[in-house]
Student: 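First the structure, then my questions, so here it is.
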Protein chains: 2
Amino acid sequence: MSPAAVTSDSTEENEENIAIQHSPSARKLCPHNTNISCASCRLNELCLPIALNKAEVHQLDEIVERNRPYKKGDHLYRQSDEFKSVYAVRSGSFKSYVLSDTGQGRVTGFFLPGEIIGMDGIASKHYANSTQALEHSSICEIPFSQLEKLSHQLPNLQHHFFAIMGNEIAKDQQIHTLLSSYTAEERTASFLLGLSSRYARVSLSPSRFLLPMTRSDIGEYLGLTVETVSRIFTALQRKRLIEVNNREIELLEIDTLREIIGVN
Amino acid sequence: MSPAAVTSDSTEENEENIAIQHSPSARKLCPHNTNISCASCRLNELCLPIALNKAEVHQLDEIVERNRPYKKGDHLYRQSDEFKSVYAVRSGSFKSYVLSDTGQGRVTGFFLPGEIIGMDGIASKHYANSTQALEHSSICEIPFSQLEKLSHQLPNLQHHFFAIMGNEIAKDQQIHTLLSSYTAEERTASFLLGLSSRYARVSLSPSRFLLPMTRSDIGEYLGLTVETVSRIFTALQRKRLIEVNNREIELLEIDTLREIIGVN
DNA sequence: CTAGCAAATTAATCTAAATCAATATTCTGC
DNA sequence: GCAGAATATTGATTTAGATTAATTTGCTAG
């Protein structure tokens, strides 16, 4: 991944675009509506409000900041920025990455609607990675100190946030196993199946979807090179397990893909 | 409840020993004292009690169960057991691992005194891996439902437990980066330096320590084979960066080891 | 529409680490 | 202390995936 892609948006440049694109009048017309309450959000069954009753959701609503949309490449935060909030993806997608000394990026995660970003900063009070929109996306920002305060009032919220963090831990450990012992093909199959079920979770097709990230992003995430990712895609296509068309993916044989990971 | 929770290693070599060693009378004589309160525990500055005041530590004490010691190979819990508690290591060390279909183990983590085990089970209510003592070890068991209840009463505890989980997430993501782009030597150096600072944390020497795990465990954890781990150890020794004597490790050139990871 | 660049594919070669194999060392229980 | 089993080391060979390189496709801005 070229450094240019990462740094293409300076903060300043950002501000102007935002001023233009998201003027009060434009705001209402924007498809990534910023005025949805948690109560009416289509994601409220998977996001933070899950397990909260009406009154509680209302309280949560009060602390959620619905920011203006992010354009492709815009940063949510950067590595070592002071930790202030966690974010829930409302639409679009994001990637987290760290930069090595040599300027090489290493993608540490992808985030789809309903998923929570930024928990890596909780302990150290500084984000451990940078996070960037992969496409035009919208976000709910939840200031963490307020989330903590509210969690203290609402046992359900505390319980649920523990669960969200626990889920992140379990997921990260699965990736540990993936990277420490799976082949390139297994990693790739696992990655596609993972995306598939995450799309299913938000009521999108589990067998046909667009990849919001580049092959390079995928490679960095899976510990492979772009070339290898590309080759594996071609190979899986030749085996008629998937159909690839640039960013468009169709999973033709989900069960066989599952076998690829299960077998070894 | 607790005695049943301890299960002997599947290599049924020690069934009888358990019966003998953990009889009620033997218990009192055990060097890994089970009657230390959190308030008087030498680890209370790094473990859960940190940031709690005296009265609060006392409340925490009430819910902590100090189980009898675990022998090498004893399991704290097994993959897919119902999640009930998190555990704080009081002495000794543990490893977590998952078994692949082929029966191959993959080590997912090592735990030293003052560290918390079991958070991977919080979300799904079932442990995602098995955890086993690497040596004679002792544990504080903290039933999670009670920890949640108490966290709700003590904002400091809630805050701290969020931090502990956040730390786990950040740590897991570092390993993700390690596995996805570091060479065998870099991984090994990073592993040794990690152990070093974890030992320092519990006031043990950061430059001289015993590895509680086998080369094979290290290999599985780092995504390398035993042979490679052994070779790297030998190579680092030849470079006079470390001194290895079976399980005994001395870090001779910590800064140079750091450079190994920093450079690429 | 097209120039210019980013992203993706494909092929040829190389290499770090795996695998295979043999030996040495260290633990464990009798 | 000794036998047998783990554990660890070392060497020879193989290989999966990296690297290098060239080409193609797609995308964006003028």
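This one's a predicted model, so the numbers in the text were calculated from it and none came from an experiment. Below, chain A is the first sequence line, B the second, and so on; all start at residue 1.
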Student: How long is the span from the CG atom in A:Leu257 to the CG atom in A:Leu193, to the nearest 0.5 Å?
Tutor: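 A:Leu257 atom CG to A:Leu193 atom CG measures 5.0 Å (nearest 0.5 Å).
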
Student: Please report the distance, rounded to the nearest Å, between CG in B:Leu224 and P in C:dT15.
Tutor: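 The answer, rounded to whole Å, is 20 Å.
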
Student: Starting at CZ of A:Arg215 and ending at C1' of C:dA6, how long is that distance when rounded to a whole Å?
Tutor: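 My rounded result for the distance is 13 Å.
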
Student: For A:Thr225, which contact category applies under a 4.0 Å heavy-atom criterion: base, sugar-phosphate, or nothing?
Tutor: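 It contacts base atoms.
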
Student: When the ring centroid of B:Phe94 is compared with that of B:Phe110, is the distance short of 6.0 Å?
Tutor: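 B:Phe94 vs B:Phe110: aromatic centres not under 6.0 Å.
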
Student: How do A:Thr228 and B:Thr234 order along DNA chain D: which one's closest nucleotide is nearer the 5' end?
Tutor: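 Looking at DNA chain D, the more 5' nearest nucleotide goes with B:Thr234.
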
Student: Compute the centroid of each ring, for B:His176 and then for A:Tyr221, and state whether the two points are separated by less than 6.0 Å.
Tutor: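 Between B:His176 and A:Tyr221, the centre distance is under 6.0 Å.
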
Student: Would you classify A:Gly219 as touching base, sugar-phosphate or nothing, given that sugar-phosphate means primed atoms plus P, OP1 and OP2, and contacts are heavy atoms under 4.0 Å?
Tutor: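 Nothing, no nucleic acid heavy atom in range.
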
Student: I'd like to know if B:Glu250 pairs up with B:Arg208 as an ion pair, taking the criterion as any Lys NZ or Arg NE/NH1/NH2 lying under 4.0 Å from an Asp or Glu carboxylate oxygen.
Tutor: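 Looking at B:Glu250 and B:Arg208, the cut-off is met.
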
Student: Check the distance between C:dA24's P and B:Asn246's CG and give it to me in whole angstrom.
Tutor: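 Going from B:Asn246 (CG) to C:dA24 (P), I get 17 Å.
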
Student: Take the protein atom CD1 of A:Ile249 and the nucleotide atom C1' of C:dA7, then report the distance between them rounded to whole Å.
Tutor: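 One finds 14 Å between C1' of C:dA7 and CD1 of A:Ile249, rounded.
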
Student: Ignoring the backbone of B:Thr214, work out which of D:dT9, D:dA21, D:dT7 is nearest its side chain.
Tutor: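 Taking heavy atoms from C-beta onward, the closest nucleotide is D:dT7.
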
Student: Between C:dT26 atom P and B:Leu210 atom CG, what is the distance in whole Å?
Tutor: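 From B:Leu210 CG to C:dT26 P: 14 Å.
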
Student: Using a cut-off of less than 4.0 Å, is there contact between a side-chain N or O of B:Lys72 and OP1 or OP2 of C:dC27?
Tutor: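 It does not, given that no N or O in the side chain of B:Lys72 lies less than 4.0 Å from OP1 or OP2 of C:dC27.
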
Student: Can you list the residues that meet the salt bridge (charged side-chain N to carboxylate O under 4.0 Å, His left out) rule with B:Glu135, with sequence neighbours excluded?
Tutor: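 Checked B:Glu135 against salt bridge (charged side-chain N to carboxylate O under 4.0 Å, His left out); zero matches.
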
Student: Please give, in whole Å, the distance from C:dT9 C1' to A:Ile242 CD1?
Tutor: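 Taking CD1 of A:Ile242 and C1' of C:dT9, I get 14 Å after rounding.
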
Student: Distance check needed: C:dC27 C1' versus B:Arg247 CZ, whole Å only.
Tutor: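 Those two atoms, CZ and C1', are 10 Å apart.
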
Student: What about B:Arg231: does its side chain form a donor-acceptor pair under 3.5 Å with the base of D:dG11?
Tutor: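 Donor-acceptor pair under 3.5 Å: yes.
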
Student: Between A:Asn245 and B:Met213, name the one whose nearest nucleotide on DNA chain D is closer to the 5' end.
Tutor: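 Upstream on the strand: B:Met213.
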
Student: Select one nucleotide: of C:dA8, D:dA8, C:dT19, the one nearest the side-chain heavy atoms of A:Ser230.
Tutor: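 Nucleotide nearest to A:Ser230's side chain: C:dA8.
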
Student: Expressed in angstrom and rounded to an integer, what is the separation of B:Glu220 atom CD from C:dA18 atom C1'?
Tutor: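 For the pair B:Glu220 CD and C:dA18 C1', the rounded distance is 15 Å.
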
Student: Nearest to the side chain of A:Ala184 - D:dT10, C:dA11, D:dG17?
Tutor: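 Among D:dT10, C:dA11, D:dG17, the one nearest the side chain of A:Ala184 is D:dG17.
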
